[in-house]
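Model, not experiment: these values are computed from the prediction. In what follows, chains carry the letters A, B, and so on, assigned in the order in which the sequence lines appear, proteins first and then strands, with residues in each chain numbered from 1.
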There are 4 protein chains.
Amino acid sequence: MAILKAALELTAEHGYAGLTIDGIAARSGTGKQTIYRWWPSKADVLLDAAATKADLFVPIPDEGSFAADLRGFLAASFVLAAKKPLADALRALMAQAQIDPEFRRRFWTAFLQRRRDALQVLLVRAQERGELPVSVESLTDVVFGVIWYRLLTDRPLDDQLADELVTLLSGRTSP
Amino acid sequence: MAILKAALELTAEHGYAGLTIDGIAARSGTGKQTIYRWWPSKADVLLDAAATKADLFVPIPDEGSFAADLRGFLAASFVLAAKKPLADALRALMAQAQIDPEFRRRFWTAFLQRRRDALQVLLVRAQERGELPVSVESLTDVVFGVIWYRLLTDRPLDDQLADELVTLLSGRTSP
Amino acid sequence: MAILKAALELTAEHGYAGLTIDGIAARSGTGKQTIYRWWPSKADVLLDAAATKADLFVPIPDEGSFAADLRGFLAASFVLAAKKPLADALRALMAQAQIDPEFRRRFWTAFLQRRRDALQVLLVRAQERGELPVSVESLTDVVFGVIWYRLLTDRPLDDQLADELVTLLSGRTSP
Amino acid sequence: MAILKAALELTAEHGYAGLTIDGIAARSGTGKQTIYRWWPSKADVLLDAAATKADLFVPIPDEGSFAADLRGFLAASFVLAAKKPLADALRALMAQAQIDPEFRRRFWTAFLQRRRDALQVLLVRAQERGELPVSVESLTDVVFGVIWYRLLTDRPLDDQLADELVTLLSGRTSP
DNA sequence: GGTTAATCGAGACGGTACGTCACGTCTTAGT
DNA sequence: ACTAAGACGTGACGTACCGTCTCGATTAACC
């Protein structure tokens with residue numbers, strides 16, 4: 001869809017602050033009304049665009065051990081977060097979620113919840129094997145907490161962090 | 001200062017989206033020019049207001065063990081985050097930091113870095129005692145990552161989370 | 001025709017400013033395309049509706065004297081202009097004629113010219129009898145001028161005006 | 001004022017239908033808000049502009065006879081109506097007055113009533129001399145009725161009409 | 001103690017984007 | 001084949017705030 005493409009491009013070029021409905025309409029060759037007919041706000045357009053891109057990368061590895069599975073999940077997630085345009089969009093969406101409570105719910109169910117579900121497949125599997133030191137819920141928050149905190153403070157998600165997270169959560173060094 | 005008070009009140013009443021420079025000026029009985037003379041944006045006004053409130057609560061406990069120190073730090077932080085008006089302001093500031101790169105730097109040094117420094121006093125002490133499973137940097141990100149992630153997704157910071165964090169990071173259950 | 005009826009009703013209810021093609025289509029249960037197929041603009045719909053109503057009342061009296069004929073013509077015209085919905089429509093049409101030159105021509109030939117022709121039958125008859133103080137053209141403009149001016153300034157067309165017009169144009173008091 | 005100038009120019013260039021607040025703002029180098037701060041609608045801007053131009057030409061001659069006075073008044077008015085840009089503006093204002101009842105009142109008091117007052121000075125003087133065949137009110141409506149009717153039907157105000165009006169209203173040929 | 005200069009509140013200004021309305025065209029089912 | 005229904009690109013609307021700017025009125029400092 002031309003509208004989603006325009007939204008991503010404009011965010012990349014001028015930042016989320018420079019993203020406007022007028023701009024999306026002009027760039028995509030549509031009318032503003034058409035955008036408002038399908039999305040309640042510019043953030044929702046961006047959410048749609050980002051969700052489409054990000055969904056392709058939700059892996060649910062099964063490599064025998066929790067440490068290996070977690071390592072795989074982190075690797076895929078870090079690759080995703082390293083894509084500048086996508087990372088910029090995600091940071092903007094999390095920002096908008098703080099400002100607009102309606103959007104926060106949509107962002108939660110359409111994006112955050114899906115990724116939590118993916119991770120929790122691994123975690124529940126590990127829990128059943130007795131490999132988890134603490135609850136699934138807390139571990140989910142720890143993993144996504146670190147990722148988002150690094151993202152939001154504009155600092156890279158590097159291999160060292162992945163290694164140390166695996167060590168911390170699985171009780172052993174990553175393979 | 002009447003301006004900081006007005007900014008906090010308006011954020012509490014109408015949300016950050018409803019906070020405007022015009023509104024702050026009207027509520028505080030000042031002219032807009034006066035606000036611009038002292039702060040570069042409405043987010044900076046709020047940052048000033050929030051930093052003043054939050055600084056009072058940065059504790060650096062020293063209770064003998066890393067587990068106990070961490071427990072104390074988390075307890076104080078969770079109490080802070082449970083104050084609705086302050087939490088709303090912090091979420092708004094983190095949001096603004098995503099949208100405005102200039103502000104991100106000011107927010108980092110004026111708020112985030114201070115709290116990281118406080119936590120790192122504990123962590124370095126523990127590290128020197130050989131109590132840390134992974135690097136200080138990663139642990140800092142894990143702790144603040146979880147806190148911010150819960151805050152930004154509008155979910156409470158409860159005792160269970162504190163307990164499990166202590167278990168996870170110190171290798172033993174909290175005292 | 002349901003479309004003409006809807007146009008008149010909507011003008012009466014919300015004024016000409018509140019008359020829209022969308023509204024006519026919705027009220028009359030037709031598609032917009034159907035309206036555009038038959039009329040070039042909403043003003044033309046209203047013109048059709050008004051012309052149908054007004055044409056019924058164009059009388060061409062012949063009562064022996066110019067004064068009596070004129071009195072009859074004025075009485076019929078004043079009755080017509082006293083009908084609120086019709087008067088509102090006519091005022092709107094004259095307004096639209098000022099804004100849209102194409103429509104002005106259609107309004108002239110489809111409405112104004114017809115009523116001038118009716119009056120000029122009386123005037124030419126009187127002229128041939130030598131009863132007219134000035135030209136037919138000027139008298140036509142005087143009669144319709146007063147009527148329209150009162151209509152457009154939202155002031156009533158009363159008996160006193162009719163009497164004085166007859167006095168003025170026929171050189172004697174009305175019968 | 002640049003805004004009034006821009007409004008008149010745009011009306012002359014693109015017609016009243018092509019006159020927009022956006023256009024006036026762009027041409028005059030102001031913001032839209034400034035226009036809305038001082039005038040309630042684009043018609044009021046045009047009214048201000050036209051009233052300023054037209055007020056200069058309200059003559060109240062006193063040449064001894066009603067016929068001569070009326071002749072003078074008509075001559076001045078016809079000259080005014082012959083100015084294309086002004087005539088276009090006046091026709092647009094009368095049109096808008098039909099569509100917007102609030103504006104009708106402002107147009108009446110700010111323009112129409114003033115010109116009626118000017119004419120009525122002559123008429124009252126004549127009435128006191130016993131020169132009037134009918135009431136001042138009706139004669140006022142006849143004079144302005146003819147002028148506006150010709151204007152609104154886009155037909156010229158020529159000398160013949162002036163002569164015949166004088167003949168009709170004063171009972172004698174013009175000097 | 002009276003005058004001058006700085007500071008303040010108030011708010012008008014040129015802008016940009018908003019979200020809405022209606023336009024006139026077009027596409028799509030359904031009869 | 002024609003219709004109602006309504007999505008579409010377009011463009012103007014009137015509003016909200018932005019950040020800058022000019023005003024008097026009020027203080028404060030200095031003569």
Side-chain angles (χ1 to χ4, degrees), chain A residues 1-3 10 14 16-44, chain B residues 2-3 6 10 14 17-44 100, chain C residues 2-3 10 14 16-45 100, chain D residues 1-3 6 10 14 16-45 100:
Chain A
M1 176 66 104
I3 291 174
L10 287 170
H14 310 296
Y16 182 67
L19 178 68
T20 65
I21 296 277
D22 282 312
I24 297 172
R27 164 85 67 131
S28 67
T30 68
K32 286 200 288 177
Q33 199 63 264
T34 300
I35 298 174
Y36 283 111
R37 205 172 348 248
W38 297 95
W39 295 277
S41 77
K42 67 179 184 179
D44 290 86
Chain B
I3 291 174
L10 287 171
H14 310 296
L19 179 68
T20 65
I21 295 280
D22 285 293
I24 298 172
R27 163 86 67 132
S28 66
T30 68
K32 288 200 289 175
Q33 199 64 268
T34 304
I35 297 173
Y36 283 112
R37 190 145 35 223
W38 295 31
W39 296 276
S41 79
K42 67 179 184 179
D44 290 87
D100 176 352
Chain C
I3 292 174
L10 287 170
H14 310 296
Y16 182 67
L19 179 68
T20 65
I21 295 279
D22 285 295
I24 297 172
R27 164 84 67 130
S28 66
T30 67
K32 288 201 289 176
Q33 200 64 268
T34 304
I35 297 173
Y36 282 112
R37 191 144 32 223
W38 296 32
W39 296 276
S41 79
K42 67 180 182 177
D44 290 87
V45 180
D100 177 352
Chain D
M1 176 68 103
I3 291 174
L10 287 170
H14 310 297
Y16 182 66
L19 178 68
T20 65
I21 296 278
D22 281 313
I24 297 172
R27 164 85 66 129
S28 65
T30 68
K32 286 201 288 177
Q33 199 64 262
T34 301
I35 298 174
Y36 284 112
R37 209 176 341 253
W38 296 96
W39 295 276
S41 78
K42 67 179 183 178
D44 290 86
V45 180
D100 176 353

Inset, instruction - Measure from the side-chain heavy atoms of A:Y36 and tell me the nearest of E:dC13, E:dC18, E:dC23. - result: E:dC18
Legend entry - Minimum heavy-atom distance between B:I3 and B:S28, given as atom pair plus value: CG1-OG, 3.8 Å
Legend entry - Inter-residue atom distance C:L10.CG - C:Y16.OH, 0.5 Å rounding: 12.5 Å
Legend entry - Residue met sooner reading DNA chain E from 5', once C:S41 and D:T30 are mapped to nucleotides: D:T30
Legend entry - Distance in Å, D:T34 OG1 paired with D:I24 CD1, rounded so as to fall on 0.5 Å steps: 12.5 Å
Inset, instruction - Indicate, with a heavy-atom threshold strictly under 4.0 Å, whether C:G23 touches base, sugar-phosphate, or nothing. - result: nothing
Inset, instruction - Kindly compute the distance separating OG1 (C:T30) from CD1 (C:I21), expressed to the nearest 0.5 Å. - result: 9.0 Å
Inset, instruction - Could you say whether C:L19 or B:G29 is positioned toward the 5' end of DNA chain E, judged by the nucleotide with the nearest heavy atom to each? - result: B:G29
Inset, instruction - Locate the shortest heavy-atom distance separating D:W39 from D:D44; write the atom from each residue and the value. - result: CD1-O, 3.6 Å
Inset, instruction - Go through DNA chain F in 5' to 3' direction and return only the first and the last nucleotide with some atom under 4.0 Å of chain A's heavy atoms. - result: F:dA7 to F:dT10
Inset, instruction - Grab the CD1-P distance between C:I35 and E:dC26 for me, whole Å please. - result: 17 Å
Inset, instruction - Please confirm whether any donor atom in the side chain of B:K32 sits under 3.5 Å from an acceptor in the base of E:dG9, or the reverse. - result: no
Inset, instruction - Identify the heavy atoms of D:L19 and D:K42 that sit nearest to each other, and give their distance. - result: O-NZ, 2.8 Å
Inset, instruction - Would you indicate which nucleotide in E:dA17, E:dG24, E:dT20 comes nearest to any side-chain atom of A:D22? - result: E:dA17
